[in-house]
Amino acid sequence: KMLRSDDEQSIRDMSNLASKMGDYHLFELLCRRLCKLNPENLVYKNTLANAMKDLGNYTEAEKMFRENLEAFTKTLGKLNPDTLSTLNNLAIVVMNQGNCAGAEMLLRECLEARKKTLGEMHSDTLSTFMNLANAVYFQGKNAEAQKRYRECWEAYKKTLGDTHRE
């Protein structure tokens with residue numbers, strides 16, 4: 001019934017719930033419905049790309065993230081947080097396909113832009129920093145990865161405190 005609905009708010013709410021419950025197949029179907037109802041909505045397109053990523057459909061997710069990155073850059077600019085989230089997610093799917101060097105390049109670009117726009121201690125910046133450390137590690141650059149993990153750990157401790165669960 002929900003997949004035939006035209007009520008975007010209800011579909012958004014249900015897609016968020018499906019994602020939180022880990023029902024990525026339903027999440028994908030609801031995202032596709034949102035994109036059908038509003039095909040120009042970049043947030044919907046990005047959410048669908050995330051659904052593809054969550055399902056492990058990295059090829060389709062990469063294609064969608066690249067298209068979305070181009071559109072976000074054109075409409076919002078290179079330093080917009082939505083643009084940078086898309087860049088970060090693109091790097092993750094590139095890494096998940098085994099192209100860690102390509103992911104590293106994208107993550108370095110994203111990290112520098114996030115530092116500039118959000119600051120070094122923002123949670124999104126720290127997340128990208130951790131993703132970059134992973135990309136470096138997966139390439140076997142252990143010394144550099146260890147250094148980055150330590151820097152990331154110190155930044156998280158400064159931001160969250162020593163007793164925070166993360």
Are F27 and M52 connected in a single hydrophobic cluster, I mean Ile/Leu/Val/Met/Phe/Trp/Tyr linked by side-chain heavy atoms less than 4.5 Å apart? yes

What are the two closest non-hydrogen atoms of C110 and L84, and how far apart are they? SG-O, 3.4 Å

Distance-only polar pair, side chains of T86 and N68, donor-acceptor under 3.5 Å: no

When rounded to the nearest 0.5 angstrom, what is the spacing between NZ in K74 and OG1 in T83? 12.5 Å

Among the clusters formed by ILVMFWY side chains lying less than 4.5 Å apart, do L26 and Y44 turn up in the same one? yes

Are N88 and N131 close enough that a side-chain donor and a side-chain acceptor fall under 3.5 Å? yes

Spell out, as yes or no, whether a donor-acceptor pair under 3.5 Å connects the side chain of S127 to the backbone of S123. no

Carefully, step by step, assess N46 and F72 under the rule side chain to side chain contact (heavy atoms under 4.5 Å, CB included). CA-CA 10 Å; N46 230 29; F72 273 119; 3.8 Å; yes

Give a yes or no on whether the backbone of R66 and the side-chain of E70 come within a donor-acceptor separation of less than 3.5 Å. no

Spacing of CD belonging to E120 relative to CG belonging to L111, to within rounding of 0.5 Å: 8.0 Å

Give a yes or no on whether a salt bridge exists between R33 and D6, defined as a side-chain N under 4.0 angstrom from a carboxylate O. yes

Trace of the side chain to side chain contact (heavy atoms under 4.5 Å, CB included) decision for E104 with K141: CA-CA 12 Å; E104 178 184 355; K141 301 176 185 176; 3.0 Å; yes

Determine, step by step, whether K78 and E109 satisfy the side chain to side chain contact (heavy atoms under 4.5 Å, CB included) criterion, reporting the C-alpha distance in whole Å, the side-chain angles of both residues, the deciding distance to 0.1 Å, and the verdict. CA-CA 10 Å; K78 282 186 88 161; E109 178 185 343; 3.9 Å; yes

Working note: R114 + S85, criterion side-chain hydrogen bond (donor to acceptor under 3.5 Å, both in side chains); need CA distance, chi angles, decisive distance, verdict. CA-CA 9 Å; R114 280 186 161 172; S85 287; 3.2 Å; yes

Tell me whether T73 contacts the main-chain N or O of L69 through its side chain, where contact means a donor paired with an acceptor under 3.5 Å. yes

Apart from I92 itself, members of its ILVMFWY cluster (side-chain separation under 4.5 Å) are none

Measuring only between side-chain heavy atoms, which start at C-beta, is L34 closer than 4.5 Å to S15? yes

Are E151 and E154 close enough that some pair of their side-chain heavy atoms sits under 4.5 Å apart? no

Nearest heavy-atom pair of N41 and V43: which atoms, and what distance? OD1-N, 2.9 Å

Per the side-chain contact (heavy atoms from CB on, under 4.5 Å) rule, which among T128, T125, L79 passes with L118? T125

Side chains of E28 and Y24 in contact at under 4.5 Å (non-hydrogen atoms): no

Answer with yes or no whether the hydrophobic clustering places M64 together with L55; edges join I, L, V, M, F, W, Y residues whose side-chain heavy atoms lie under 4.5 Å apart. yes

According to a hydrophobic-cluster definition based on side-chain heavy atoms being under 4.5 Å apart (Ile, Leu, Val, Met, Phe, Trp, Tyr only), do L132 and Y156 belong together? yes

Considering non-hydrogen atoms only, spot the tightest contact between F138 and C100 and give its length. CB-SG, 3.5 Å

Here the salt bridge (charged side-chain N to carboxylate O under 4.0 Å, His left out) pairs for residues 40-53, sequence neighbours left out, are none

May I ask you to say whether E112 pairs ionically with K115, meaning some side-chain N is under 4.0 Å from a carboxylate O? yes

How far apart are the C-alpha atoms of T75 and L42, what are their side-chain angles, what is the distance that settles it, and do they pass the side chain to side chain contact (heavy atoms under 4.5 Å, CB included) test? CA-CA 10 Å; T75 57; L42 290 176; 3.8 Å; yes

Looking only at side chains, do Y137 and R148 share a donor and an acceptor under 3.5 Å apart? no

Checking Q9 against D13: is there a side-chain donor and acceptor pair closer than 3.5 Å? yes

Starting from Y149, can I reach L126 by hopping between I/L/V/M/F/W/Y residues whose side chains sit under 4.5 Å apart? yes

Using 0.5 Å steps for rounding, measure from the CH2 atom of W153 to the CD atom of Q146. 14.5 Å

